[in-house]
Structures are given as C-alpha cells and as structure tokens.
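For the numbers below, each heavy atom of this structure counts, side chains included, while hydrogens, waters and symmetry mates do not. As the structure lists them, so they are numbered: ligands from 1, and atoms in each ligand from 1.
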Amino acid sequence: MAKDLSYSCNECGASFSKWSGRCDGCGAWNSITEHKALASGPKGKTLGGARGRPITLTDLETQEKEPPRTMSGVGELDRVLGGGLVNASALLVGGDPGIGKSTLLLQAAARFARNGLKVIYISGEESNAQVQMRARRLGLEKSPVMLAAETNLRDILTTLEAEKPDLAIIDSIQTMWADNVDSAPGSVSQVRSSAHELTTFAKRNGMSVVMVGHVTKDGTIAGPRVVEHMVDTVLYFEGERGHQFRILRSVKNRFGPADEIGVFEMTGKGLAEVKNPSALFLSERGTPAPGSVVFAGIEGTRPMLCEIQALVAPSPHSQPRRSVVGWDGGRLAMILAVLESRCGVPFTGLDVYLNVAGGLRISEPAADLAVAAALVSAREDAALPSEAVVFGEISLSGALRPVVQTENRLKEAQKLGFTSAIIPQQAKQPAVNGLGLRVAVDLAGFVEEVFGARSV
Ligand code: TYD
Ligand code: MG
C-alpha cells in the first residue's frame, strides 16, 4: 500500500508520513506542515463525500481553434513568443537579477497596451515611483499601463478579478506572499503556490499572466525552475552584465518553437531590438588574429555568426587552467582530448582560455570544429583566413560530422561578406554562390590542411 505522505517541507518540498521538527531532506527547522490532499477523503468517497463535476471528453481528431494572439510590435519578442502573445496564457520570464527583466516587461507592457490590451503591471520589488521613473527614462510615461506596488497575492487576485485586465505582469514571483501558506515569500512553497494561484486564475478568467523569476544561486530562495512546469511558456533573459547584448531565449513554449531567440541591446533608453545579430556580433572584430575564428551557428530558426576566441599560454601552475565563457567546459575538455590523442596536438602544460565574443552562449555541438580551429590557431600562433567561417561536429574518433541547416549557415556567411567556409564532408555537398568550400573528413586532416607543418 502506498504510504500516506501528508506532511511536506516548505523549504525543499520533500514529503513525509509524519511531522518532525527538522526536515531530513534539507535540514531546515520548523518547516514541515501537514497538507490535506484532495483525495484524502474516506475510501469510496471523493473529496470527503462531495462529488465533482463530470468533465467533457473529446477525441484526438477534433481540432480546437488556433488560440488568438496579440502582437507586441517588437519583432524580436513576438518571434520568441511564437508569433505574438497567446490570449489567456501563462508565461515565466527568468534571468539573473539586474539583467533587464523589468525593463523588458515594462517596454512590452507599453507595446501591448498600445495595441489595445488592458495591461496591469504589479511590482513587488519596487515602489510606484521607481517604476514611474523607469517609464520616464524609457519615454513610456504616457502609456496606458496601470501600475501597483503590492505583494499580497489575495489583494492582487481580488483587484485583477475586479479590473479584468487582458494581461497582468507580476514582477517578481519571488516577492509574492500568499497568506494561506505558512512560510516566507521566496520559499519553495510560497513561489509554487503563488504561481499556481496566478496561473489558474489567469486560465479561468481569460487573462494572460507574465511572471518574473530571478535565477538564484543559493538554495534559500526558490528559482524559476519550481514554476516551469506550470506555465505555457518559459523565457530566459540572458547576457553578460558587462556587455550590452541581451538574449531572450524560449526554453519551453506550448504555442510555438522552443529554443528561439530574440536579440536586444541595452541602451541608455532601454532595450533596442537587434535586427541583424550576426553583423552586431562580428562588428567588434578587428584584424584577423591567431585564436579568432568565425562560427556560423543556428539559434532557433535563425542563422547567426559569432566570433570564437581562444588563448593558449604556458602555464605557471602544475594543473593548467581551462577557462570557458559562453560554451560548455566539458565539451572543451573533450575537444582538447581529441586534438591531443587523434591529431597529435598536445595542450599539456598550457593554460587554455575560450571565449564566445559578445556575451553569447552557444550550446550547439556544431561549434566543435570552430572551437578546435581557434585552439589550434592560438597554439600555433597562426591566424585563419579572415574571410572564412567554420562549423562542424567532432566525434570522439576525431571524425567530422555534418550538422543541420548547413545551407542556411552558408547563406548567412555569404550575406555578411565571407567568401569561404571550412566544413565537414557530406554526402550532398551544398552550393552557395560566391562561397568557396573547403571540406575535411576528420580533425587531423583539417589541422593538416589549415595549419600545414606544425611545430609539435
Ligand atoms: P532591470 O530591468 O531593473 O533588471 P532586472 O529586473 O532583471 O533586475 O535593469 C537592470 C539594469 O539595466 C540596470 O542596471 C540599469 C540598466 N538600464 C539601462 O542600461 N538602460 C535603461 O534604459 C534601463 C531602464 C535600465
Ligand atoms: Mg526587476
């Protein structure tokens, strides 16, 4: 028989069959409370005897109508949403504190309001005066957005019920306080319960809700992950604080493609759309230098060129440094190992630094070959031809694998004035006017062809 786990920890969410003063899961004191599950009524009865409403069932074939959408008019945002904001949907916008979530949402709120939606912006973090000051800075003070500074969820829901907006923005979910949950704002149970209340309220009342969630490094405050499963769409706002580029990435979208990105630039007057990100990411590139390689990537449905930089220097430490910004550290280790064991290019005793320029974060294996090229180029102190782009996946055997959307990558490179591309050999070689292709079967062949005789 299944154990009756009717006690759970407010901090970490672990379930127990009996109460105790300290949670075995996370070690928190006085955090365990009893909860009455819906199905806890006496056997044979539902919900303690009360009967529920029968649900209408349907089949798989009958098509529901496409949900209606509203465009914001900000192309980068609408594309990430999958073609505008779906009515009565729940969204989560996550990101590091200070990255620009409030700025993005205030700008989006103003656009949606201008396009006819009734929008309420509720800030639990800033006073009305602070939000109004930001609005003035963004030149949006005349927008018909209604504003409140409030954290009490009961009051917020009552107000939303009376006002009946089309869109409510909650900034942030970690500051919301539901008075029926016995723990501090920001704890797992508060965040989970507030998000649940807001999402169900939104669905029931035909209102869209956007919740802001701060990504947190320590466990005391619950991060957006706790909420991800409840909402229709999860967007993450990323970027390096020192750079002006910001990327809005959809990691989950029930109404559109996931992994789509929108690129913005943080300016003195808020976020500006970047219509041609490749040109922007390459604009800071100087003369061709050893260790710099242009990678032709795909982000979502869009090709995007960016620069990958490597620096290799003799290490003063017994354990050389491996430092990565914008790419996966494990993947770097793999490529170093393949270079060493399959191509005879050792990195022993050398510090390796790898950086994706412009604060972009790449997760495609298609960048393998560009990373390898940057590493060898830095090690050999030999620059690659400046008018060439590079992409391809590397397998552990040292073989090169073709990647998806080769043609789109090549077209983007050609559009930005590149004249050659170094890519893996593939069954059907693509042809793009004005672009010379150099193909390689394996990494050793690539290193040999591009760098010739080396000083190993
Ligand atoms: P904010 O939207 O408050 O970040 P978040 O809500 O994610 O915590 O904005 C953070 C930073 O953006 C802040 O350091 C100031 C900067 N900023 C600009 O550079 N230009 C602007 O127009 C605005 C409004 C903010
Ligand atoms: Mg904020």
Exercise. Atom 22 (O) of ligand 1: which protein heavy atom is closest, and how many Å away?
Worked result: G270 N, 2.6 Å
Problem set entry | Pair N253-T233, side-chain donor/acceptor within less than 3.5 Å | yes
Problem set entry | ligand 1 N/O within reach of T267 N/O, cut-off under 3.5 Å | yes
Exercise. Can you check whether M266 has an N/O within less than 3.5 Å of an N/O in ligand 1?
Worked result: no
For this session: Please state whether G100 comes within less than 4.0 angstrom of ligand 1, counting heavy atoms only.
Result: yes
For this session: Could you tell me the residue and atom name of the protein heavy atom closest to atom 15 (C) of ligand 1, and the distance to it rounded to 0.1 Å?
Result: R137 NH1, 4.5 Å
Exercise. Below 4.0 angstrom, N of the basic side chain to O of the carboxylate: do E260 and R79 qualify?
Worked result: yes
Exercise. Out of H214, Q174, Q130, which residue meets the side chain to side chain donor-acceptor pair (under 3.5 Å) rule with E125?
Worked result: H214
Seminar exercise, completed: Note: K269, heavy atoms under 4.0 Å from ligand 1, region reported as backbone
For this session: Answer yes or no: does an N/O atom from G98 fall short of 3.5 Å to an N/O atom of ligand 1?
Result: yes
Exercise. Based purely on interatomic distance, does P97 place a nitrogen or oxygen under 3.5 Å from a nitrogen or oxygen of ligand 1?
Worked result: no
For this session: Could you verify whether a donor N or O on one side chain and an acceptor N or O on the other, from N10 and S31, lie under 3.5 Å apart?
Result: no
For this session: Please indicate, with yes or no, if any protein heavy atom is found under 4.0 Å from atom 11 (C) of ligand 1?
Result: yes
Exercise. Run the side-chain contact (heavy atoms from CB on, under 4.5 Å) check on D171 and I122 step by step: do they pass?
Worked result: CA-CA 6 Å; D171 187 2; I122 292 173; over 6 Å; no
For this session: Pick, from V131, T103, V212, the option with the minimum heavy-atom distance to atom 1 (P) of ligand 1.
Result: T103
For this session: Using atom types as modelled and distance alone, determine if a side-chain donor or acceptor of E76 lies under 3.5 Å from a backbone N or O of V263.
Result: yes
For this session: Answer yes or no: is there a donor N or O on one side and an acceptor on the other, between the side chain of K252 and the main chain of E228, under 3.5 Å?
Result: yes
Exercise. Does R249 count as lying over the ring of Y236, i.e. NZ or CZ under 6.0 Å from the six-ring centre, within 45 degrees of the axis?
Worked result: no
Seminar exercise, completed: Under 4.0 Å from one or more heavy atoms of S102, ligand 1 contributes atoms 2 (O), 5 (P), 6 (O)
Seminar exercise, completed: V274 and R302 have their tightest heavy-atom pair at O-NH1, 4.5 Å
For this session: For ligand 1, note which part of K101 has a heavy atom under 4.0 Å away: side chain, backbone, both or neither.
Result: both
Exercise. Within the stated cut-off of 2.8 Å, is an N/O/S atom of S172 closer than that to the Mg ion (ligand 2)?
Worked result: no
For this session: Examine R134 against ligand 1 and note whether any of their N/O atoms are separated by less than 3.5 Å.
Result: yes
